[in-house]
*Asks:* 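The structure under discussion is supplied below as structure tokens; questions concerning it will follow.
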Amino acid sequence: MDPDEVAKFMSQINFTPQDMMNAMRQPGGLRDFLQSAGGNNVGSKQIPMNDLDGIAELVKSAKRRFKQESSLGPSAAPQTNRASLSMKFLGSRRYAEGMVGKRELRQTYKGIEAHVSRQPLDQLKPIRMVSVMFGVEDTAGNVRQVSVYNYPGASGASLAAIDALFSVGTIMAIREPTLRMMAQGDEAHIRIDCPSDIVMLRWDHKLLKGVKWQSGDHLSNTPIAPKSEEKWRELGNGYFKSGWFVQAILAYSRGLHRYPGSILLYLNRSLASLRLGYYGAALADALHVVEAAGTSITSKVKALFRAGQAKYGMGLWGDAEELFTQTSELDDAEADNVQVWLKKCRERMAESMDGTYNWIHLFDLAGEKAGQRLEVADYLGPVDVVGMSSRGGGRGVVATRDVKCGELLVVSKAFACCFPEDFPNEGTLCVVNILKECREGGCSTYLDTKIAERLAGDPGSASLLYGLYAGPQQNLPPQEYTVQRSWPTDVMNDYLTFEAVVDMARIDGITSYNCFTPSQPHDVRQKHHSETDGFGMDAASALFTFPSLFNHSCAPNTHTFCLGDVMIIRAATYVPKGEELFVCYGGEGETYLSRARSGIVAQLVPDCDCVLCTADKTDGDVACRRREEIVKGIPSWNSVEIARAGIKKLEKTYSIETPIGLRGGMYKAYRQLSMLMFLKGDYTMFVQERVKMFEYLGMKMRNTETGAKSKRRARRNSLPMERSSVGPICASIGGEELVDACMSVASVLLGVLGNAERAESWLRFAVWLHDKEWGGGPALFLKRNPNEEGQLKALFGKLEREGRLMISPL
């Protein structure tokens, strides 16, 4: 290691050569120093994601270790060698700087028992940062490594952003610091999971009165605080332009502590708060400027406009309209911009009241880039939350009236979300989730930080969060759940001094049991050039509050999908008033035996009692195992004879009591048989086997004759099935597959068999299936299916001109 660099670092932390010599004389001091000087230790061996046995052993080992740690009583912390810790930080810093722009694999733990402190601030002792790598010292000069998780503005941040957040010489109080073993290696560190356990202290805080630091009152590398209002504004603006909004708010807030009358600092902090979704804080700052004596017209116009944006973000669109109107009345130059926002307010009101969305526009926006955040209002249709003692969370969602197939039920913006695209240079973070006993990608951990970040500036949203189920380790939430929340009305005095404890133990449970992977429609993913749906190590992760209240079914009566950070839930079938509404949490498998071992279902619903699993259990384990064996072999059926023989065997695995609409294996079998008929050139049988395929989704098909001279003619606007007969497993198949199946039948009927009337019926069937899944009517269907050619394209045009593609929901 470069001696000049070592000397420079020692100077920055007020560490003299004599201090170094004294440290070397301590037992193990020289060894520790030499080991630390070698740079960063990459750590323990990483276990591949597909090594299930290795992951299971890792979880067991971690549980044993954390259980042993938690059983230890409080005791004095062992001394840490100051020289070796300092050298370790220097080596780690150099390693981190060398990894900028590169990808690496890292590992940590989630779901361990997080320490949450409720100790009053005045009973704490101050410490300060001696390194940007989270080395701290107390007033007596004792040093310790600190690992901070979930801190606003920290996760995924650049080294420069971390420097701005935790600069050398920063003085803070840590509530009840707790030592833990590091995820890699055998060293102890202070692990801080709850951001509210850290309290940043200003120089004039009462805790610092009379405090003397053994290493000196000033560290040479401590950044010099700005000396004027303008310099504080410039500092905050620099952070803002870099996208470091947390750091910007901190700079503006510290400047306001020195210059409490600064209109510009209030204005700029309001804008930074808007960027982070701190709408209550942004509104309070903006209104403070409006009401302040001596505010210029220019500043008042900006403040009114930002107040309108804050009200817009709060979902108070009528109030926002009024503020935007006041803005244009005060300054005509803002008229055009105001009109844009007035139009947006009216669109959001229509969305929230009637569920009227511009679906084509939303699909276009979601396709512009991966991880898109959409500007829409939440919508709650004919649904309500009721207590259900039989459910693990003690409640569920029911229909408040009869619901039509395809009817819009819920549109929900994510409370917090993380996409891999948010951290393009972060490499891969492996997270061992102790609660779920599985391994996750980095987005699931960053999601916790996003939630903590939101609570830092939007404490009123805590009621939406803490009202969710957090697992059996936490107290059950109340059966009632309200979407109403409070907003702060006072200006923010001390940003990141949390009004209430951020309970990361509960948040860990909430995200472990409620987070979703926001799955996008296939054509939206294609626009992002994404080969997968985002599952795996780099899966996106999002928390949707109201959708989290739905219980699971392997055969749900709703269809869910996401556009960017918005989840949409529609009825997948007719649902009578009072009946419970379900979503599918995931998990694949032909019978309950494999679904119970699959993914999130195995972790959250190990004994599913949905209608599909109940039917499987009625059929019996022997029949289910035989069925899974047969279905697994369906793709290898390469002749009509083999397929028909396989179908007979498969049929025998279902009991007579099992409804036809719950026989998903038969759907797959007839799908394969129909394709074999197509390849054989028997197009009449292709259509007939496709009809049977749909029948095994519980649909009642009608008028299945295919010839051009068929005596039975379809009514002009009929469908080939009864719309009231959509079965319970239809939602689990996937609308894209079913729409494609309809289109293939229509193509054969029209282009090969010459039956235009039946082709029209199947085309309209495809549009109806699409609309019940995604909405948007024929316009969205045609936009998402633009590549049809020849006769089929001409038939589409004819039906569209005649207005016969639109089918009302049942």
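Quantities reported herein were computed from a predicted structural model and do not represent experimental measurements.
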*Asks:* Stepwise, does the side-chain contact (heavy atoms from CB on, under 4.5 Å) test hold for Leu549 with Leu468?
*Replies:* CA-CA 7 Å; Leu549 303 173; Leu468 299 179; 3.9 Å; yes

*Asks:* To the nearest 0.5 Å, what is the distance between OG on Ser273 and CD1 on Ile249?
*Replies:*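 The CD1 atom of Ile249 is 4.0 Å from OG of Ser273, to the nearest 0.5 Å.
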
*Asks:* Check whether any side-chain N or O of Arg595 sits under 3.5 Å from a backbone N or O of Gly589 as a donor-acceptor pair, and report yes or no.
*Replies:*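 Yes.
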
*Asks:* Check the side chains of Glu375 and Tyr312 for a donor-acceptor pair under 3.5 angstrom, ignoring hydrogens and angles.
*Replies:*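 There is such a pair (donor and acceptor under 3.5 Å, judged by atom type) between the side chains of Tyr312 and Glu375.
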
*Asks:* Find out whether the Lys NZ or Arg CZ of Lys311 is both under 6.0 angstrom from the six-membered ring centre of Tyr279 and within 45° of the ring's axis.
*Replies:*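 Cation-pi check for Lys311 and Tyr279: fails.
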
*Asks:* Phe166 and Tyr151: aromatic ring centres closer than 6.0 Å?
*Replies:*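 Yes, the ring of Phe166 comes within the 6.0 Å limit of the ring of Tyr151, centre to centre.
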
*Asks:* Short question: side chain of Asn557, backbone of Phe582 - any donor-acceptor pair under 3.5 Å?
*Replies:*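 Checking the backbone N and O of Phe582 against the side chain of Asn557, a donor-acceptor pair under 3.5 Å is found.
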
*Asks:* Distance alone, cut at 3.5 Å: any donor-acceptor contact between the side chains of Tyr513 and Tyr585?
*Replies:*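 The criterion, which ignores hydrogens and geometry beyond distance, is not satisfied for Tyr585 and Tyr513.
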
*Asks:* Before giving the answer on side-chain contact (heavy atoms from CB on, under 4.5 Å), spell out for Leu447 and Cys515 the whole-Å C-alpha distance, their side-chain angles and the decisive distance to 0.1 Å.
*Replies:* CA-CA 9 Å; Leu447 180 65; Cys515 70; 3.9 Å; yes

*Asks:* Are Arg373 and Cys417 close enough that some pair of their side-chain heavy atoms sits under 4.5 Å apart?
*Replies:*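 Contact flag for Arg373/Cys417 side chains = yes.
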
*Asks:* With side-chain contact (heavy atoms from CB on, under 4.5 Å) as the criterion, how do Val246 and Glu453 come out once you've worked through the C-alpha distance, each side chain's angles and the decisive distance to 0.1 Å?
*Replies:* CA-CA 8 Å; Val246 169; Glu453 192 171 278; 3.7 Å; yes

*Asks:* With rounding to the nearest 0.5 Å, note down the distance linking CG in Asn150 to OG in Ser196.
*Replies:*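 Answer for the CG-OG pair, Asn150 versus Ser196, is 10.5 Å.
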
*Asks:* May I ask you to test the Lys617-Thr614 pair for a side-chain heavy-atom distance under 4.5 Å?
*Replies:*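 Result no, sub-4.5 Å side-chain heavy-atom pair not found.
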
*Asks:* Do the non-hydrogen side-chain atoms of Val383 and Thr400 ever get within less than 4.5 Å of each other?
*Replies:*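 In short, these two side chains do not touch, never coming nearer than 4.5 Å.
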
*Asks:* Over all heavy atoms of both residues, which pair between Arg395 and Pro478 is shortest? Give the atoms and the distance, please.
*Replies:*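 Looks like NH1-O, 2.7 Å.
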
*Asks:* Minimum heavy-atom separation for Phe516 to Ser548, with atom names?
*Replies:*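 Between these two residues, the closest heavy atoms are CE1-OG, 3.9 Å.
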
*Asks:* Given side-chain contact (heavy atoms from CB on, under 4.5 Å), test Tyr278 with Phe245 step by step and report yes or no.
*Replies:* CA-CA 11 Å; Tyr278 299 167; Phe245 303 122; over 6 Å; no

*Asks:* With a 4.5 Å heavy-atom cut-off, do Tyr592 and Cys610 have their side chains touching?
*Replies:*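 Tyr592 vs Cys610: side chains apart.
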
*Asks:* Sub-3.5 Å donor-acceptor pair from the side chain of Gln474 to the main-chain atoms of Pro472, do we have one?
*Replies:*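 Answer holds: no.
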
*Asks:* What is the distance from atom CD1 of Ile568 to atom OH of Tyr357, rounded to the nearest 0.5 Å?
*Replies:*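 Here the interatomic distance stands at 8.5 Å.
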
*Asks:* Have a look at Leu465 and tell me which of Thr545, Ile451, Thr511 forms a side chain to side chain contact (heavy atoms under 4.5 Å, CB included) with it.
*Replies:*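 For Leu465, the side chain to side chain contact (heavy atoms under 4.5 Å, CB included) check succeeds only for Ile451.
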
*Asks:* Side chains of Asn514 and Phe544: closer than 4.5 Å at any heavy-atom pair?
*Replies:*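 Not in contact.
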
*Asks:* Do the numbers put Arg570 on top of the ring of Trp359, so that NZ or CZ is under 6.0 Å from the six-membered ring centre and no more than 45° off the axis?
*Replies:*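 Flagged: Arg570 positioned over aromatic ring of Trp359.
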
*Asks:* Working to the nearest 0.5 Å, report the span between OG1 of Thr558 and CD of Glu407.
*Replies:*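 Spacing of OG1 (Thr558) from CD (Glu407) equals 13.0 Å.
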
*Asks:* Go through it in stages, so that I can follow the logic: the residues are Asp458 and Arg485, the test is salt bridge (charged side-chain N to carboxylate O under 4.0 Å, His left out), and I'd like the CA-CA distance, side-chain angles, deciding distance and then a yes or no.
*Replies:* CA-CA 10 Å; Asp458 182 17; Arg485 42 81 44 89; 2.5 Å; yes

*Asks:* Taking salt bridge (Lys or Arg N to Asp or Glu O under 4.0 Å) as the definition, give me every residue that meets it alongside Asp565, ordered by chain and number, with sequence neighbours left out.
*Replies:*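 Listed in chain order: Lys413.
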
*Asks:* So, Gln372 side chain and Leu365 main chain: donor-acceptor pair closer than 3.5 Å or not?
*Replies:*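 Indeed, once roles are kept as given, a pair shorter than 3.5 Å links the two residues.
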
*Asks:* If you compare all heavy atoms of Leu374 against all heavy atoms of Ala366, which two are closest, and at what distance to 0.1 Å?
*Replies:*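 Taking every non-hydrogen atom into account, CD2-N, 4.1 Å.
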
*Asks:* Looking only at heavy atoms, which two atoms of Ala377 and Glu351 are closest? And how far apart?
*Replies:*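 So the minimum-distance heavy-atom pair works out to N-OE1, 2.9 Å.
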
*Asks:* To check you understand the geometry: which heavy-atom pair defines the closest contact between Pro556 and Ala572, and what is its length?
*Replies:*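 Looking at all heavy atoms of both residues, the closest pair is O-CB, 4.4 Å.
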
*Asks:* For a 4.5 angstrom cut-off between non-hydrogen side-chain atoms, does Asp378 reach Val483?
*Replies:*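 No. Closest side-chain heavy atoms not under 4.5 Å.
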
*Asks:* State whether the side chain of Asp193 and the backbone N or O of Tyr149 hold a donor-acceptor pair below 3.5 Å, judged by distance alone.
*Replies:*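 No; zero donor-acceptor contacts below 3.5 Å.
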
*Asks:* Taking the side chain from Arg348 and the backbone from Gly315, do they hold a donor-acceptor pair closer than 3.5 Å?
*Replies:*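 No, the answer is negative, given that no donor and acceptor are paired below the 3.5 Å cut-off.
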
*Asks:* Using every non-hydrogen atom in the two residues, find where Pro195 and Pro152 come nearest and quote the distance to one decimal.
*Replies:*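 Pro195 and Pro152 have their closest heavy atoms at CB-CD, 3.9 Å.
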
*Asks:* On the 0 to 90° scale, with breaks at 30° and 60°, tag the Trp774-Phe561 ring pair as parallel, tilted or perpendicular.
*Replies:*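 Trp774 vs Phe561 ring planes: perpendicular.
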
*Asks:* Check whether any side-chain heavy atom of Ser463 lies under 4.5 Å from a side-chain heavy atom of Gln484, and answer yes or no.
*Replies:*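 Of all side-chain heavy-atom pairs linking Gln484 with Ser463, none is under 4.5 Å.
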
*Asks:* Would the distance check show the side chain of His552 and the main-chain N or O of Cys584 forming a donor-acceptor pair, the cut-off being under 3.5 Å?
*Replies:*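 Pair absent, no side-chain N/O of His552 close to backbone of Cys584.
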
*Asks:* With a 4.5 Å heavy-atom cut-off, do Glu580 and Asn551 have their side chains touching?
*Replies:*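 Counting from C-beta outward, Glu580 and Asn551 do come under 4.5 Å.
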
*Asks:* Out of curiosity, Leu496 CG to Ser253 OG, how far, rounded to the nearest 0.5 Å?
*Replies:*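 Answer for the CG-OG pair, Leu496 versus Ser253, is 8.0 Å.
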
*Asks:* Can you tell me if Asp319 uses its side chain to pair, donor with acceptor, with the backbone of Leu316 under 3.5 Å?
*Replies:*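 No, because the side chain of Asp319 does not come within donor-acceptor range (under 3.5 Å) of the backbone of Leu316.
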
*Asks:* Distance from Ile192 atom CD1 to Glu176 atom CD, nearest 0.5 Å?
*Replies:*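 The CD atom of Glu176 is 12.0 Å from CD1 of Ile192, to the nearest 0.5 Å.
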
*Asks:* Validate the cation-pi geometry between Arg506 and Tyr466: distance from NZ or CZ to the six-membered ring centre under 6.0 Å, angle to the ring axis within 45°.
*Replies:*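 No, a cation-pi geometry is absent between Arg506 and Tyr466.
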
*Asks:* Is there a donor-acceptor pair under 3.5 Å between the side chain of Tyr481 and the backbone N or O of Leu464?
*Replies:*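 Yes; judged by distance alone, with no hydrogens or angles, the pair exists.
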
